Novice: 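Before I ask anything, here is the structure I am working with.
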Amino acid sequence: MGEEDKQGNVDGEEKRRPISEAEFLSWKRRKDADISSRKDEAARKRAEDIAAGAVQMNGRELFVHEPWVFDNTLY
């Protein structure tokens with residue numbers, strides 16, 4: 001314990017180097033693209049499930065898909 005290993009690290013800690021702004025922006029773009037693709041996939045799957053009648057729609061989805069339900073001219 002407390003001894004330096006061959007790489008000069010103390011107590012098994014990794015030596016961390018600061019990242020550049022370009023590296024950070026590249027990582028951030030990849031992360032945002034990954035999140036966006038997951039959201040798009042979830043929305044596509046939800047739309048397919050709604051079309052198949054497998055899930056219950058919320059109010060907004062019901063208004064978009066079946067607006068005649070909200071027709072108040074009958075009252």
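This structure is a prediction, so every number in the text was calculated from the model and none was measured. Here, residue 1 is the first one in the sequence, and each next residue gets the next number.
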Novice: Under the side chain to side chain contact (heavy atoms under 4.5 Å, CB included) test, which residues partner S20, sequence neighbours left out?
Specialist: A22, E23
Novice: Taking only residues two or more places apart in sequence or in another chain, which ones pass side chain to side chain contact (heavy atoms under 4.5 Å, CB included) with R44?
Specialist: E41, E48
Novice: In terms of heavy-atom contacts, does CD of E66 have more than 12 from other residues, nucleotides or ligands at under 6.0 Å?
Specialist: yes
Novice: Please tell me whether L62 and W68 are part of a single hydrophobic cluster in this structure, the criterion being side-chain heavy atoms less than 4.5 Å apart.
Specialist: yes
Novice: Donor-acceptor pairs under 3.5 Å, side chain of residues 26-33 to any protein atom, not counting sequence neighbours: which ones?
Specialist:
{"residue": "S26", "atom": "OG", "partner": "R30", "partner atom": "NH1", "Å": "3.1"}

Novice: Identify whether V69 and V55 are in the same connected component of the hydrophobic contact network (ILVMFWY, side-chain heavy atoms under 4.5 Å).
Specialist: yes
Novice: Over all heavy atoms of both residues, which pair between M57 and R46 is shortest? Give the atoms and the distance, please.
Specialist: CA-NH2, 4.2 Å
Novice: If I take atom CZ from residue F63 and atom CG from residue N58, how far apart are they, to the nearest 0.5 angstrom?
Specialist: 13.0 Å
Novice: Do F70 and I50 sit in the same hydrophobic cluster, where Ile, Leu, Val, Met, Phe, Trp and Tyr count as joined when their side-chain heavy atoms come under 4.5 Å apart?
Specialist: yes
